[in-house]
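Remember, it's 1-based here, ligands and their atoms both numbered in the order they're listed.
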Amino acid sequence: MSILFERVAFIGIGLIGSSLARRIRRDGLAREIVACARRQATLDTVIKLKLADRVTTDPADAVKGADLVVIATPLSAYAEIGAAIGPALKKGAIVTDVGSVKSSAIRDLQPSLPEGVSFIAGHPVAGTEHSGPESGFAELFEGRWTILTPVDGSDAAAVERLQKLWEATGSKVVIMDPEHHDKVLAIVSHLPHLIAYTIVDTAQNLGTDLQSEVIEFSASGFRDFTRIAASDPVMWRDVFLANREAVLEMLQRFTEDLTALQRAIRRGEGDTLQDVFTRTRAIRRAIIEAKQA
Ligand code: NAP
């Protein structure tokens with residue numbers, strides 16, 4: 001692999017940032033990596049794992065001279081980070097992010113970035129329920145989609161350079177409108193997380209006698225929800241606040257469909273239940289065929 005960027009600065013280096021840093025390191029995709037986090041303990045781990053050439057707690061210091069800046073923090077930190085790095089960015093630099101909501105990312109970052117800097121928001125649709133730099137791995141993006149959401153006036157050459165980087169991680173890249181991205185992710189990712197958080201909390205609120213059995217017999221379906229519901233609470237708080245409109249819209253539709261199933265169960269309408277369950281089975285097959293299982 002050839003060098004795609006001279007100096008890449010990561011603002012936030014947890015699961016996603018460190019996975020990208022590992023891949024860049026492993027395949028020599030950049031000459032130098034700078035990492036920024038809030039806590040010294042995180043930076044000590046980054047040094048121990050040899051994920052970066054230089055570390056700092058100061059975002060403005062981190063981005064100096066960087067030709068690519070990757071923001072990989074929770075979404076609620078974006079506006080403050082934008083204000084901090086804006087004046088320190090090099091002319092010609094590309095700024096991107098990996099956040100799970102794109103309209104809010106553009107709203108919070110774009111206004112602080114100076115002319116001559118290209119901001120191309122992005123989202124690798126890959127992850128786990130773990131957090132922090134120890135949990136990353138270089139193969140995380142292999143075979144997964146990365147969605148880039150340039151807006152009118154975005155520099156086409158910058159989009160292309162960023163696309164090359166993500167493709168070099170093994171990811172497939174698609175360009176999407178930011179609002180469309182947020183709607184799609186609301187149904188495929190955000191709503192499933194909300195349902196998982198709810199069902200696990202409902203079980204948690206059951207009496208203690210039932211609770212121990214919930215754990216014992218979890219393999220019958222509950223266990224898969226607990227994995228999703230173990231995802232980072234701060235990251236997911238931010239996702240729901242940042243993608244409020246789209247999530248509420250999908251939640252409304254879901255509630256209507258759930259009510260329809262509730263009615264079918266109450267009335268003993270087996271055909272309705274079987275029809276729905278047959279249609280949903282086909283979706284699972286399509287996911288397996290698309291190698292996204
Ligand atoms: P993570 O493992 O928790 O890491 C977050 C990083 O951001 C840490 O280095 C943390 O530094 C830093 N940070 C946190 N708050 C900050 C603040 N206020 N100012 C500056 N730095 C801050 O998170 P992650 O899972 O990599 O997620 C990062 C982003 O990727 C999120 O926006 C998320 O929506 C997106 N994403 C996540 C997944 C997933 O499955 N996890 C998938 C796709 C996209 P300290 O350790 O010093 O606090």
Side-chain angles (χ1 to χ4, degrees), residues 9-23 33-49 51-52 55-63 69-85 95-109 112 121-142 144-149 166 169 171 178 181-182 184-186 188-190 192-193 196-197 227-243 246-247 292:
F10 284 90
I11 310 297
I13 184 132
L15 169 72
I16 303 294
S18 79
S19 294
L20 184 55
R22 278 177 170 90
R23 187 67 177 226
I33 296 177
V34 181
C36 172
R38 290 176 304 183
R39 292 176 299 141
Q40 190 55 46
T42 303
L43 295 179
D44 291 344
T45 306
V46 168
I47 293 166
K48 193 180 80 198
L49 297 171
L51 297 177
V55 297
T56 172
T57 53
D58 178 4
D61 178 36
V63 304
V69 175
V70 181
I71 299 171
T73 68
L75 292 157
S76 59
Y78 277 24
E80 201 181 318
I81 288 168
I85 65 172
V95 176
T96 189
D97 79 309
V98 296
S100 310
V101 183
K102 298 290 35 125
S103 317
S104 70
I106 295 166
R107 180 198 66 204
D108 291 349
L109 282 169
S112 315
H123 177 204
V125 187
T128 73
E129 67 279 25
H130 303 297
S131 310
E134 312 86 344
S135 55
F137 51 102
E139 299 77 21
L140 177 63
F141 311 110
E142 202 80 57
R144 300 286 171 215
W145 285 101
T146 295
I147 303 173
L148 298 181
T149 60
W166 281 112
T169 70
S171 183
H181 165 280
D182 293 350
V184 172
L185 270 291
V188 300
S189 170
H190 308 168
H193 276 80
Y197 281 125
R227 188 187 60 74
I228 300 178
S231 301
D232 191 77
V234 172
M235 170 190 152
W236 282 97
R237 175 201 68 191
D238 287 3
V239 168
F240 290 115
L241 296 179
N243 203 22
V247 169
Q292 297 297 311

Please identify which atoms of ligand 1 are closer than 4.0 Å to at least one heavy atom of [X].
| X | answer |
| --- | --- |
| A77 | 17 (C), 18 (N), 19 (N) |
| G127 | 40 (O) |
| P124 | 43 (C) |
| S131 | 2 (O), 3 (O) |
| G12 | 6 (C), 7 (O), 9 (O), 12 (C) |
| A37 | 9 (O), 11 (O), 47 (O) |

Residue part near ligand 1, for A126, under 4.0 Å between non-hydrogen atoms: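 The answer is the backbone of A126.
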Which bit of T128 gets closer than 4.0 Å to ligand 1, counting heavy atoms only: side chain, backbone, both or neither?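 Only the backbone of T128 comes within reach of ligand 1.
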Quick check on side chain to side chain donor-acceptor pair (under 3.5 Å): which of N243, D182, D97 does K102 satisfy it with?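 Filter result, single survivor: D97.
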Check this for me: E80, atom CD, are more than 12 non-hydrogen atoms of other residues, nucleotides or ligands nearer than 6.0 Å?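 For E80, atom CD is not crowded (no more than 12 foreign heavy atoms under 6.0 Å).
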Residues S18 and R22: side-chain donor-acceptor under 3.5 angstrom: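 Looking only at side-chain atoms, R22 and S18 do form a donor-acceptor pair, the distance falling under 3.5 Å.
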Minimum distance, heavy atoms only, to atom 27 (O) of ligand 1: which one of I16, V239, V234 is it?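 Minimum heavy-atom distance to atom 27 (O) of ligand 1 goes to I16.
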Could you pull out, from R39, E129, R144, the option with a heavy atom nearest to atom 47 (O) of ligand 1?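 It is R39 that holds the nearest heavy atom.
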How close does the nearest protein non-hydrogen atom get to [atom], and which residue and atom is it?
| atom | result |
| --- | --- |
| atom 14 (C) of ligand 1 | P74 CD, 3.3 Å |
| atom 8 (C) of ligand 1 | I13 N, 3.9 Å |
| atom 23 (O) of ligand 1 | L15 N, 4.4 Å |
| atom 21 (N) of ligand 1 | T73 CG2, 3.4 Å |
| atom 35 (C) of ligand 1 | V98 O, 3.3 Å |
| atom 6 (C) of ligand 1 | A72 O, 3.6 Å |
| atom 15 (N) of ligand 1 | R38 CZ, 3.2 Å |
| atom 34 (O) of ligand 1 | S100 OG, 2.7 Å |

Could you tell me whether the side chain of [X] and the main chain of [Y] form a donor-acceptor pair under 3.5 Å?
| X | Y | answer |
| --- | --- | --- |
| S171 | T146 | yes |
| T96 | A121 | no |
| Y197 | S231 | yes |

Any atom of ligand 1 sitting under 4.0 Å from a heavy atom of G136?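 No, that is not the case, since the closest heavy atom of the residue is not under 4.0 Å from the ligand.
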Are any non-hydrogen side-chain atoms of [X] and [Y] less than 4.5 angstrom apart?
| X | Y | value |
| --- | --- | --- |
| W166 | L148 | yes |
| T149 | H123 | no |
| L185 | V101 | no |
| I71 | I85 | yes |

Between W236 and H193, how do the two ring planes meet: parallel, tilted or perpendicular, split at 30° and 60°?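 Because their plane-to-plane angle is under 30°, the rings of W236 and H193 count as parallel.
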My question is simple, although I want it checked carefully: is atom 42 (C) of ligand 1 less than 4.0 angstrom from any protein heavy atom?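 Yes, there is one.
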Is there a polar contact, in the sense of an N or O pair closer than 3.5 Å, between H123 and ligand 1?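 N/O-N/O distance below 3.5 Å does not exist for this pair.
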Straight-line distance of L15 CG to L140 CG, nearest 0.5 Å: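 The CG atom of L15 sits 6.0 Å away from the CG atom of L140.
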SB check E134 K48 (cutoff 4.0 Å):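 So E134 does not pair with K48 through a salt bridge.
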